[in-house]
Engineer: 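If you scroll down you'll find the structure; I have some questions about it.
Chain identifiers are assigned alphabetically (A, B, ...) following the order of the sequence lines, protein sequences preceding nucleic acid strands; residue numbering begins at 1 within each chain. This structure is a prediction, so every number in the text was calculated from the model and none was measured. Side-chain atoms are counted along with the backbone in the values below, which use heavy atoms only and exclude waters and symmetry mates.
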Number of protein chains: 2
Amino acid sequence: MVRTVFEKSDAIALVAEVFRELGYEGASMSHITARTKLSKGSLYHFFPGGKEQMAAEIMAHIDAWFVTEMFKPLEDDEPRAAIARMWQTTDSYFRSGLRVCLIGAFALDETRDRFPAAIRGYFHRWIDALAGALVKAGLPGAEAKTLAEEAVVGIQGALTLARALGDDAIFGRTLARLSQTVESALG
Amino acid sequence: MVRTVFEKSDAIALVAEVFRELGYEGASMSHITARTKLSKGSLYHFFPGGKEQMAAEIMAHIDAWFVTEMFKPLEDDEPRAAIARMWQTTDSYFRSGLRVCLIGAFALDETRDRFPAAIRGYFHRWIDALAGALVKAGLPGAEAKTLAEEAVVGIQGALTLARALGDDAIFGRTLARLSQTVESALG
DNA sequence: GACCTTCTAAACCGATCAGTCTATTAAGAA
DNA sequence: TTCTTAATAGACTGATCGGTTTAGAAGGTC
């Protein structure tokens, strides 16, 4: 029999895409094995805790990526440049609306009750990091918080509508509108 | 054995709440029977087509409600008053953020591929009805379309974040902000 | 009462679920 | 080479899945 060797990081990325497309409950082990070409032996070798561990590690992986690529830059770099790069990073991460937000999708059904802290933390830190950058760029705290919330709300809503309408253009339009709103607030 | 008699409209409303909380895949027949107190016999009597028919009829029911309560008023009534009532209707329908949008949740996973027309139609008509009212209220077509899209995107995003953060206040804040934006656009 | 239709209850079915186990393979250490 | 260990393939298990069927209860009509 043919034997393929995987790295755990490959496994995380592959399984993540299955959860992203099918949701937590919709992603059965047979779906996962079929779509990833990882056998059950491999999956339970990497994730002895089964589906729940897979989802937890995937969320941690996503979280770490966002911290490095978006939240840290928003906190540490020059705020206007970091915010400008945030729109680009967001657009490419979500493939211009073709890829949904796994954490957002988990939030909408009972999967939320399995990972409440991870879900809450992800969005909380995104809003806080953006609000912090807006404050550093000169906005009052309250306005910064409102604007940051508006941005993350808009991104999530645009992802939902892009999938619902089968029209990814709405995602680009929303990002453009949000960045425009932020820029005019910054003056 | 004790026998309880249900109406089909009761069945639709009860099953709808289960799908809303658990999602399409997450809502197994045993979950549905347990939470609704409807036996399998009753469920398959009302919905011979099983889960798929349940979901289809629930979506049709939701759609009809929105047409009567929101889309028709937006099309037929005085536009500013209809838009003002839309915010209230939206707030009460989604129970100020405690209740998710079933159609939006379906859009995010593969459930979308079972009901693409219903999902697309729901959001398309919402945006069009609101944009139509905005045009009647005096806005240019392009601006009306953009604003209507922004409103529906914001509502969906706020529902996602309300659930993710376990904080329904964000839903009220978003509705207030959106209505403010619309009002200042109308002058 | 008898009869018929509508509806409910629950046993039952094959398929699929998440998860376990055994056998085997590849690769590094000695 | 030989031994050891990490990793893979896939058969297997008991539980649960969506769905079917059978049996009978409730309510109307005559």
Engineer: Looking at residues at least two apart in the chain, or sitting in another chain, which of them share a salt bridge (Lys or Arg N to Asp or Glu O under 4.0 Å) with D168(A)?
Structural biologist: none
Engineer: Is any side-chain nitrogen or oxygen of S39(B) closer than 4.0 Å to OP1 or OP2 of dT8(C)?
Structural biologist: no
Engineer: Using the rule side-chain contact (heavy atoms from CB on, under 4.5 Å), only one of I62(B), I58(B), V15(B) pairs with R20(B); which is it?
Structural biologist: I62(B)
Engineer: Measure from NZ or CZ of R114(B) to the centre of the six-membered ring of Y24(B), then state whether that distance is under 6.0 Å and the direction lies within 45° of the axis.
Structural biologist: no
Engineer: Whole-Å distance between dC7(C) C1' and K8(B) NZ?
Structural biologist: 13 Å
Engineer: Would you kindly give the CG-to-P distance between L43(B) and dC7(C), to the nearest whole Å?
Structural biologist: 14 Å
Engineer: Give every pair of a protein N or O atom and an N or O atom of nucleotides 16-20 of chain C that lie under 3.5 Å apart, one pair per line with the distance.
Structural biologist:
unit_1  : atom_1 : unit_2 : atom_2 : d
dC17(C) : OP1    : S28(A) : OG     : 3.1
dC17(C) : OP2    : S30(A) : OG     : 2.5
dA18(C) : OP1    : M29(A) : N      : 3.4
dA18(C) : OP1    : K51(A) : NZ     : 3.2
dA18(C) : OP2    : M29(A) : N      : 2.4
dA18(C) : N7     : K40(A) : NZ     : 3.3
dG19(C) : OP2    : Y44(A) : OH     : 3.1
dG19(C) : OP2    : K51(A) : N      : 3.3
dG19(C) : O5'    : Y44(A) : OH     : 3.3
dG19(C) : N7     : K40(A) : NZ     : 2.7
dG19(C) : O6     : K40(A) : NZ     : 2.3

Engineer: Can you tell me how far P of dC7(C) sits from CG of D10(B), to the nearest Å?
Structural biologist: 12 Å
Engineer: With respect to the phosphate group of dA7(D), does any side-chain polar atom (N or O) of H45(A) fall under 4.0 Å of OP1 or OP2?
Structural biologist: yes
Engineer: What's the CG-P distance between L38(A) and dG10(D), to the nearest Å?
Structural biologist: 13 Å
Engineer: Quick one: does R99(B)'s side chain have a donor or acceptor within less than 3.5 Å of a partner on Y93(B)'s backbone?
Structural biologist: yes
Engineer: Using the rule that Ile, Leu, Val, Met, Phe, Trp and Tyr join whenever any side-chain heavy atoms are under 4.5 Å apart, tell me whether V100(B) and L178(B) fall into a single cluster.
Structural biologist: no
Engineer: Just wondering, do M70(B) and R125(B) contact through their side chains at under 4.5 Å, heavy atoms?
Structural biologist: no
Engineer: dC7(C) C1' sits how many Å from E7(B) CD, rounded?
Structural biologist: 11 Å
